[in-house]
Amino acid sequence: IVEEAPKVETTQEVNESNTPLVFPVSAATPSALTDLCSVLATSLEEGAPENLADASITLHMGRRRLTERRCVVAETREDAAKALRSAENPVEVVKSISPDIVYAFSGQGSPRPGMARVMYSKNAEFRSALDSCLEHAPKDVAALLLNADCAQPERIHQTQFSQPALFAFEYALAKAWMALGVAPAAMLGHSIGEYVAATLAGVFDLPDAMRVVCARGELMQACPEGAMLAVAMSEEEADGALPSGVEIAVINGPRSVVLSGPSEELQALCKSYDRSGLGAQLLYTSHGFHSKMMDTALQPFREVMASVTLQSPSISFLSNVTGQWVTPEDATDIECWVRHLREPVRIAENVAAHLKLDQPLDIEVGPGAGLARLARQQLRDHGQSVASFPMPEETDPLHQFLTAVGDVWCAGGDVNWSALHHGPRRRIPMPLYPFERQSFCLPLPSAEQSDGRVHPVNSQIYAPVWASNRVATGSAAEPT
């Protein structure tokens, strides 16, 4: 007995929330991928999928993951079809299945007012984690993160607000990545970013981490004001030619350092470097961080750290102080965290150290793309680097985040696509894989053979055999 299948109720085509959708496509060869993208684009243009979100989920859940990959993010079928055909969405060849995911947390200087608003409204994991952080932060931090038009938005650049704001944002963003199954094998952070790495690794619990970060920001805010200057020179070159009071605060690369000290000295240095042809730029900051101008904050911060219980890390991360992997002894040593406030940020050594991983895939977990660019300079062909928000002020943050998720998938990362689906969704018929069929028929033999004789074609195919027949009985004489 065969019963008719239940009727499937179709959902409306309108994307009421105007949420970007991800369309991952993969194939075995570049030409097959181009053909597949073309037929998918044609299908979307013809309106074949009744619901665009169902088309997206079908590509997520109903297709094998092959090595030639392309991923587009779109809100409408027209945009999706255009992006699938566009050469601006390059083909990525997977170099390593399940590469080593490395979270890279941005440092101070990247926050902006209202930077968490869109992700907070549209991503449940981000919202839950940010709420957990804001429970332990001043109320002004929530306003600065969620409202670009709040009172005195420039306060986001004051270190007493920017440090807890940046920590909360990056912690929530990391939880959003983890909810998609993109968990880190290792982590590194730039200055305040290292506290996010340490918290995710279990060195701090979240309430203690927020308390430490808020106290750190307030103590550094109370230090004398200063300036910071980015210069295109090596650590060795800078170290031997600095005036009194100016120190190296950050080593970003083989020929990229940031100097820190009093504003007057750094402004004079900037003019001197400009005249000599060296690239130099004053940074937008109110203090000379990671220099002796922070010395008055050290003892009060040491007392704050003494009230915190520190644990050994459960996930490997790199130290700004040593430039190498954090040991359990370093992670639980109060003096290491005090030195972290005062000594140079050795981010270039951090990047070099993690190159020893088999196939690193760096994800900048923060509001900017500076660390991703720094990592890309050293990674070259050894790994890849992705920024969560590569163009922070140009397009919708959720669209950028989903684009970054697609970039991670194209680089071989495992993504739990089901975490993106909310509400009833179903798999639907979609264009099939465009197999590149090839003919392997044997050529017909020539009738003229090498000995000059003509042979029937059938003689090339069939071989003679004896036929078996039953012997007739009754009519023949019996032998005597």
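Keep in mind that what you see is a predicted model, and the values were worked out from it rather than measured.
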Student: I'd like to know if the side chain of His382 reaches the main chain of Leu355, judged simply by a donor and an acceptor atom lying under 3.5 Å from each other, with no hydrogens or angles considered.
Tutor: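 Here the side-chain-to-backbone pair exists.
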Student: Please check this pair: side chain of Asp239 against backbone of Ile248, looking for a donor-acceptor N/O pair closer than 3.5 Å.
Tutor: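 Pair absent, no side-chain N/O of Asp239 close to backbone of Ile248.
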Student: Knowing that exactly one of Gln108, Gln163, His290 qualifies, which makes a side chain to side chain donor-acceptor pair (under 3.5 Å) with Ser191?
Tutor: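 By the side chain to side chain donor-acceptor pair (under 3.5 Å) criterion, Ser191 pairs with just one of Gln108, Gln163, His290: His290.
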Student: Please tell me if the side chains of His354 and Leu379 come closer than 4.5 Å, counting only heavy atoms from C-beta onward.
Tutor: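 Yes, close enough: below the 4.5 Å cut-off.
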Student: Nearest 0.5 Å please: distance from the CG atom of Leu84 over to the CZ atom of Arg70.
Tutor: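 Interatomic distance, Leu84 CG to Arg70 CZ, rounded to 0.5 Å: 7.5 Å.
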Student: OG/Ser291 to CE/Met228 distance, rounded to the nearest 0.5 angstrom?
Tutor: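 Rounded to the nearest 0.5 Å, the OG-CE separation comes to 7.5 Å.
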Student: Is a side-chain donor or acceptor of Asn320 paired with a backbone partner of Gly189 at a separation under 3.5 angstrom?
Tutor: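 Yes, Asn320 side chain to Gly189 backbone: donor-acceptor pair under 3.5 Å.
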Student: Look at Glu235 together with Arg255 and state whether they make a salt bridge at an N to O cut-off of under 4.0 Å.
Tutor: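 Salt bridge absent between Glu235 and Arg255.
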Student: Ring centroid separation for Phe301 and Trp337, is it under 6.0 angstrom?
Tutor: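 Ring-ring flag for Phe301/Trp337: false, centres at least 6.0 Å apart.
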Student: Apply side chain to side chain donor-acceptor pair (under 3.5 Å) to the pair Asp131 and Tyr120, showing each step before the final yes or no.
Tutor: CA-CA 9 Å; Asp131 284 341; Tyr120 185 85; 2.7 Å; yes
Student: With the threshold set at 4.0 Å, does a side-chain nitrogen-carboxylate oxygen contact exist between Asp274 and Lys271?
Tutor: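 Answer for the salt bridge query: no.
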Student: Decide, yes or no, whether a salt bridge links Arg373 with Glu364 under the criterion of side-chain N to carboxylate O below 4.0 Å.
Tutor: no
